[in-house]
Amino acid sequence: MGNPDVYFANLPPDELTGELANRVDGYYNWLLTSGRLARWRIAFDTMYGDRGSHSSYEIRAGGKQGELSFLQSNEYANLNRHLLNMAQQSKPSIETVAENTDSVSKAATYVAKGIVEYYRRNAGVDENTDMATAIALIMDTGWVVNEWDFSKGDEFAVDGQKTLAAGDVYSRHKTPLEVIIDWTRVVGNERDWIIVKDQVNKWDAAAQAKSSAPEKVQEILGLKLDRAQDAMFRFGEIYEWEGYETSMVDRYTFFHRPTLACPKGRIHVFYNPKLWTFTGPSPYRKLPGNRICPAEMIMSCLGFSPSNDLLSLQDVMDAMISAAVTNMTSLGVNNIWVEDAASFDFEQLAEGMNLFEGGKEPKVLMLNKLPPEWFNLANFIIGRMEAISGVNAVARGNTANQDLSGAAMALLQSMSIQFNNGLVKARTKLIEDNGNDILFLTQDFAPAEKLGLIVGRNNRYMMKHYKTSDLKKVKRVFCRMSNPLKDTTSGKLTIAQDAIKMGAVKDLGAYMEILDTGNVDSLTEGPRNARLTIDEENDALIAGQDIPVMITDNHVDHINGHKRTIDAPEDRVDATQVKRVTAHLMEHLKVWSTTPVDLLAALGIPPMMAPMGQMPGQPPAEGGAAPGPADPNQPKPPEKGAPGMMGEQQPSTPGGPNPPTNPLSGQQWNPETGGLQ
């Protein structure tokens, strides 16, 4: 044991190694004595159809003379798979939240979302989430461990003679047998430390240790897998070890988060009570391990799966099915009963088409007939398993002999999903935790060059704003459940048809993209980038910069967006800012009024209302020259003073309308000075 006067995480490396090995043994002993290990083994064997004498993939003979037939009708596995499908059918959407609402922070959130989505797909994070969910249903708790592997990734720099790797996210799923925790704690989601067990190739481990601990290379190569522990804590297939040596060994990594007792955190890598290869402060903000439980168990550090309640009922089903099959196979050949004084030769029965004479007819003994009570009990057990799991017959596609309307079946299906909302919430929380891991890891360790390649086409526009430091403006990742409608074929078709009605989809390619993937990024990318451009221009105007107006700008959106910079009372008292913003708005009006109508139509921008005698899109006459002849096909402009001329003021003096006046000073508006005299 370690020094009682020193917190164990602060012990010297040699002492810490022995202390951590003791904690691993203590955790495994607790699993043995608490009965969890035995229950997990039963659940695992049942899930994969190989439980003792019963099997889902073959009929096994039993009894003294092999007269019994054992097999498994695996309702347990079927219900668990339906639970998984219901939990995974609605994919949560990722949202990234920044500390500010400026344009740089907004751009950083778009970049961060692209990075998180990339690693969810390409680093196996989503696959590990699905596997951890399946593990949790069988073994109460599943884990996803996310780290930054500095030895992976593309080469991006050369330091002297040494080539450096960019690093990459390293994600893997784990069972509760591979993540050792403080089992004495009574709150499952509170942890200061974990120990993660990985099987690694000792030759790779030795090669990695050459630079950090060359004196331990030979010890690593001399390691062997603990066969006794492997046999006790490995489920499923049993390996024959005789005459076979594996290169795989168990490596343990201790992670301690920064706390008051251990301010810098701690990472310690060891293989057995005496061999360790690395120790140092933790570079991570939080523990790498994320936990999922279908349901929490009060006063326990591990959760509880509702599938545990199905195991005993599966036993009953196995016994009933085996008894029925034994009866049918053993007594499947009919027996004939006749009286002692039968006057015909019984061997003739096998020939068929014979004439028998006698006083008593023979009787067929139907010994293999199953009573109605057997079917009633079997249906009752299946019904109880469906009720306990929350997966009803409709969700399983079993509506035989049930006269149900479509609305009734939809209601029953929704009730199943609602019943299992706890598993869905736990999975959503796991996805959110994994997203935050990716965000923090890339913020702290990823080089900007690598992130630029990750963001890709849809967010390439954002990368012109991006610096690694900007990504730190994003504080965290949130998850929200998406509409399950868009995950179905009919839902995607509905979205595509609605997009056509709104005019968002105008070509077959965009329609097929939505129908095939449900992804609408190609439709939302342009409007999103346009909104971000307006925000950037607002930031520049506030900072005192002059921003040019482009002929392709949507002037209506820009004018409405820029006016936000002088909406607040405190902004309006800044005469310099008001003048700058007003001049920019007037420049939009000028460019808008001189843009050809055909170009405005192509860009989807409404034409500006032209002054009297000038058609929209026609350049204003210079030096008082009269405009060219009007197109006879164009509608005549309304006369002065005609109803419907918005913004038209009647002149009080000959020569045209008067400019508007300031209601406070009574002075007229001056376009050269920005409006205020």
Side-chain angles (χ1 to χ4, degrees), residues 2 8-25 27 123-124 143 145-174 177-180 193-230 233 244-257 262 264-284 287-289 441 444-447:
F8 83 99
N10 298 325
L11 289 171
D14 290 335
E15 295 182 39
L16 179 61
T17 303
E19 173 66 20
L20 295 177
N22 288 333
R23 290 178 180 248
V24 172
D25 291 339
Y27 176 75
W143 294 84
V145 180
N146 302 307
E147 294 183 69
W148 188 261
D149 191 337
F150 294 91
S151 65
K152 292 186 175 182
D154 299 329
E155 298 175 356
F156 79 101
V158 176
D159 181 12
Q161 299 297 321
K162 184 179 180 181
T163 301
L164 302 179
D168 218 339
V169 172
Y170 173 40
S171 177
R172 66 266 199 208
H173 60 270
K174 293 292 179 183
L177 293 169
E178 299 169 298
V179 179
I180 293 87
W193 58 268
I194 60 174
I195 301 174
V196 179
K197 176 183 176 183
D198 294 295
Q199 271 200 352
V200 299
N201 189 311
K202 63 182 179 182
W203 294 93
D204 291 337
Q208 190 175 20
K210 284 182 179 179
S211 57
S212 58
E215 72 282 0
K216 298 181 179 181
V217 170
Q218 292 304 317
E219 289 186 75
I220 295 175
L221 293 177
L223 291 172
K224 293 184 179 180
L225 199 65
D226 188 336
R227 296 181 178 181
Q229 187 185 81
D230 187 75
F233 296 105
Y244 178 79
E245 288 294 339
T246 178
S247 297
M248 307 304 292
V249 295
D250 291 332
R251 182 183 67 192
Y252 300 87
T253 305
F254 168 70
F255 298 97
H256 197 294
R257 69 182 181 91
C262 187
K264 295 183 178 181
R266 187 84 178 260
I267 289 183
H268 189 77
V269 181
F270 65 101
Y271 292 86
N272 57 40
K274 296 182 179 180
L275 177 60
W276 63 273
T277 57
F278 176 83
T279 192
S282 174
Y284 303 127
L287 290 176
L441 291 172
D444 295 341
F445 306 115

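When the salt bridge (Lys or Arg N to Asp or Glu O under 4.0 Å) test is applied to R251, no partner is found at least two apart in sequence or on another chain. With sequence neighbours excluded, the residues that form a ring pair (Phe, Tyr, Trp, His ring centres under 6.0 Å) with Y252 are F270. Considering only residues two or more places apart in sequence or on other chains, E147 meets the salt bridge (Lys or Arg N to Asp or Glu O under 4.0 Å) condition with R172. Qualifying side-chain contact (heavy atoms from CB on, under 4.5 Å) partners for P12, counting only residues two or more places apart in sequence or in other chains: E15. The side-chain contact (heavy atoms from CB on, under 4.5 Å) test applied to A9 returns Y7, F254, H256, C262, not counting sequence neighbours. Listed by chain and number, the residues in a salt bridge (Lys or Arg N to Asp or Glu O under 4.0 Å) with D226 amount to none (sequence neighbours excluded). Partners of N272 according to the side chain to side chain donor-acceptor pair (under 3.5 Å) rule, which considers only residues two or more places apart in sequence or in another chain, do not exist here. Applying the side-chain contact (heavy atoms from CB on, under 4.5 Å) criterion to S171, with sequence neighbours excluded, gives V125, N128, V144, N146. For T277, the side-chain contact (heavy atoms from CB on, under 4.5 Å) test picks out I220, V269, Y271, with sequence neighbours left out. Residues that satisfy the salt bridge (Lys or Arg N to Asp or Glu O under 4.0 Å) test with K197, not counting sequence neighbours, are D250. By the side chain to side chain donor-acceptor pair (under 3.5 Å) test, E219 is found to be paired with no residue, residues two or more places apart in sequence or in another chain being considered.
In this structure, Y284 and F255 have tilted ring planes: the angle between them lies in the 30° to 60° band.
We find the OG1-CD1 distance between T253 and I267 to be 8.0 Å, quoted to the nearest 0.5 Å. A distance of 5.5 Å separates CE of M248 from CG of N201, quoted to the nearest 0.5 Å. The distance from atom CG of D198 to atom OH of Y170, rounded to the nearest 0.5 Å, is 5.0 Å. Within the model, atoms NZ of K216 and CG of L275 stand 6.5 Å from one another, a figure rounded to the nearest 0.5 Å. Atom OH of Y27 is separated from atom CD1 of I195 by 10.5 Å, given to the nearest 0.5 angstrom. The distance from atom CG of D149 to atom CG of L441, rounded to the nearest 0.5 Å, is 11.0 Å.
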In residues 202-211, what donor-acceptor pairs under 3.5 Å come from side-chain atoms, sequence neighbours left out?
unit_1: K202; atom_1: NZ; unit_2: L221; atom_2: O; d: 3.1
unit_1: K202; atom_1: NZ; unit_2: L223; atom_2: O; d: 3.0

Any chance you could lay out the side chain to side chain contact (heavy atoms under 4.5 Å, CB included) test for W276 and H268, step after step, and finish with the verdict?
CA-CA 8 Å; W276 63 273; H268 189 77; 3.5 Å; yes
Show your reasoning for whether side chain to side chain contact (heavy atoms under 4.5 Å, CB included) applies to D230 and Q199.
CA-CA 11 Å; D230 187 75; Q199 271 200 352; 4.1 Å; yes
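Residues F445 and P283 have side chains in contact (heavy-atom distance under 4.5 Å, counting atoms from C-beta outward).
Judged purely by atom type and a 3.5 angstrom limit, R266 uses its side chain to pair as donor or acceptor with the backbone of L11.
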